[in-house]
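Numbering of ligands and ligand atoms starts at 1, following listing order.
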Amino acid sequence: MPLEFAERIRRIPVYPVASGYDLGTDVAMLASNESCFAPLPAVAEAAQRVLTGTHRYPDPGYAPLRRALADRYGIAPGRIALGNGSCDILLAAGEALLEPGAEVVYSWPAFSVYPHLAAASGARAIEVPLDAEDRHDLDAMATEVTAATRLVLVCNPNNPTSTAVGLDRVAAFLDAVPAHVCVVLDEAYCEYSLILGDPYASVELLRRHPNLVLLRTFSKVYGLAALRVGYGLCGSEDFRVAVDQVRQPFFLNAAAQAAAVEALRHQDEVERRVTQTLAARISLEGQLRNLGLWVAESDANFVWLHLPDGVEEADVVKGLAEGGVLVRAGASLGRPGALRITVGSEAENDRFVAALSDLLA
Ligand SMILES: Cc1ncc(COP(=O)(O)O)c(C=O)c1O
C-alpha cells in the first residue's frame, strides 16, 4: 500500500532545483544566481572556529547576528527575523499568515517559492502578470488587494526577470495597501541594484509601514549560499514573533551565524565584488544584445533573455549543458522561451556566450 499523504502534497509545486552538481568542476554554474566569489578567508575561518563547540545547540536567540544587523540598519533587534535562508522566512510567513479563504498576491513570473505558500496553506494565489518589459506592475497588483488579502510579495529586483522598480513606486504601492496586510519586499538582490541605490534606501519605508518586511539574504552578495542565512527587517515585532512561533527552535546553525556576523564586517570587499559583478553583467548584456536577443534591463547579478521565435528553449538549455554551461530554463520559472543566466567569472561568461552563439547560428 502506498503511503497516504496530506492533500496539500499534491498541490505543492516541486522547486526547480538546478542540475549539474554531479558533473564535476569544469562546469559553469550559472543557474542559481549565487556569487561567483568564494567567501573571504576570515568568513570561512569564523565558521570553522565554532565547529569545536558543536556538541552544544546554537545560540537560540541568535544574539550576535541580530545585534550586528540591528547596528547596521538602525533597527531594534526584536524587529529582525532570521531564517535558515530567506526561503525559511518566506515559508514561515505563509504558515503564519495564510489559511483557506485567505489570498496572497504576487507578480508572475517571480521567485519560484511563492506559489508554494498558497499551495501549502490552502490560500488562494493571485498571480499578477508582469508588464511588457518584464517588470512588476504595482498598479495592477494594488487593484488585486481585497478584503481576503493577508500577504503581498514584491520581488525587487525580480527573480527571474532581473528587473527592478524604483522606491518611489514601491512607496506609492505601500500607501495603497491596507495596514493590516503584510507586504514582504523580497530584496534578495538589493545590494546589486543601482535603481535602489544602496541597501539602506528601502529601510526608510519601515518607519511609515509597520506591515512591511524587507527580506534579505546572505546567499547572494555575501557568498554564503551553502550555509543558509536569511533575514527580514520588520516594520513591527509582530511578524518576527509569528514566524519564530511556527518554526522549529535552533533553525540557524552555529557556523552559519558566525559566518554571517563576520561577513558583515567586510563591506568594502562586498562593494568591490558588486562593482566587478555589475561590470561583467553590463559586458554580458552587450554581447547578448549583439546576438540580436531581447535582454531585460537587469538590476541584479543575473540576466534574463527571450529566445527568438522558433528556437526551442529545451534544445538550447541541453546544448549549453553539453558545452559545460548550466543556466535556468524559462519554462521551469513560469516563462517558456526565456533563459535566466547568472553572471559568473569572466571565463564562465565567455564560455556561455560562445556556446549560445554556436547554438543560435
Ligand atoms: C528573490 C529570491 N528570494 C529569496 C531567495 C532565497 O534565498 P535563500 O533562501 O538562499 O536566502 C532567492 C534565491 O534564489 C531569491 O532569488
- Item | Heavy-atom check, side chain of Pro199 versus side chain of Glu187, under 4.5 Å | no
- Compare every heavy atom of Ala280 with every heavy atom of Val343, then report the nearest pair and how far apart it is. CG1-CB, 3.7 Å
- Item | Ser219: numbered ligand 1 atoms lying under 4.0 Å from its heavy atoms | 8 (P), 10 (O), 11 (O)
- Item | Ligand-residue contact atoms, ligand 1 with Cys87, heavy atoms, under 4.0 Å | 6 (C), 9 (O)
- Message: Taking the six-membered ring for Trp, are Tyr62 and Phe251 closer than 6.0 Å centroid to centroid?
- Response: yes
- Task: Please state whether the rings of Tyr57 and Phe250 are parallel, tilted or perpendicular, taking 30° and 60° as the class boundaries.
- Result: parallel
- Return the residue, atom name and 0.1 Å-rounded distance of the protein heavy atom closest to atom 7 (O) of ligand 1. Ser86 OG, 3.2 Å
- Which atoms from ligand 1 have a heavy atom of Thr217 less than 4.0 Å away? 8 (P), 10 (O), 11 (O)
- Do the ring planes of Trp108 and Tyr106 sit parallel (below 30°), tilted (30 to 60°) or perpendicular (above 60°)? perpendicular
- Query: Can you tell me the protein heavy atom closest to atom 14 (O) of ligand 1 and the distance?
  - Reply: Lys220 NZ, 2.8 Å
- Message: Among Thr149, Val105, Thr146, Leu97, exactly one meets side-chain contact (heavy atoms from CB on, under 4.5 Å) together with Val181. Which residue is that?
- Response: Thr149
- Item | Note, Tyr73 side chain near Arg79 side chain (heavy atom, < 4.5 Å) | no
- Does Cys155 have a non-hydrogen atom less than 4.0 Å from ligand 1? yes
- Of Glu187, Glu34, Arg228, the one whose closest heavy atom lies nearest atom 9 (O) of ligand 1 is Arg228
- Minimum side-chain heavy-atom gap Trp304-Arg335 below 4.5 Å: yes
- Would you call Tyr189 a ligand 1 contact, heavy-atom distance under 4.0 Å? yes
- Query: Can you list the ligand 1 atoms lying under 4.0 Å from a non-hydrogen atom of Ala188?
  - Reply: 1 (C), 2 (C), 3 (N), 15 (C)
- Item | Heavy atom of the protein closest to atom 12 (C) of ligand 1 (residue, atom name, distance) | Phe111 CZ, 3.4 Å
- In the protein, what heavy atom is nearest to atom 3 (N) of ligand 1, and what distance, to one decimal place, separates them? Asp186 OD2, 2.7 Å
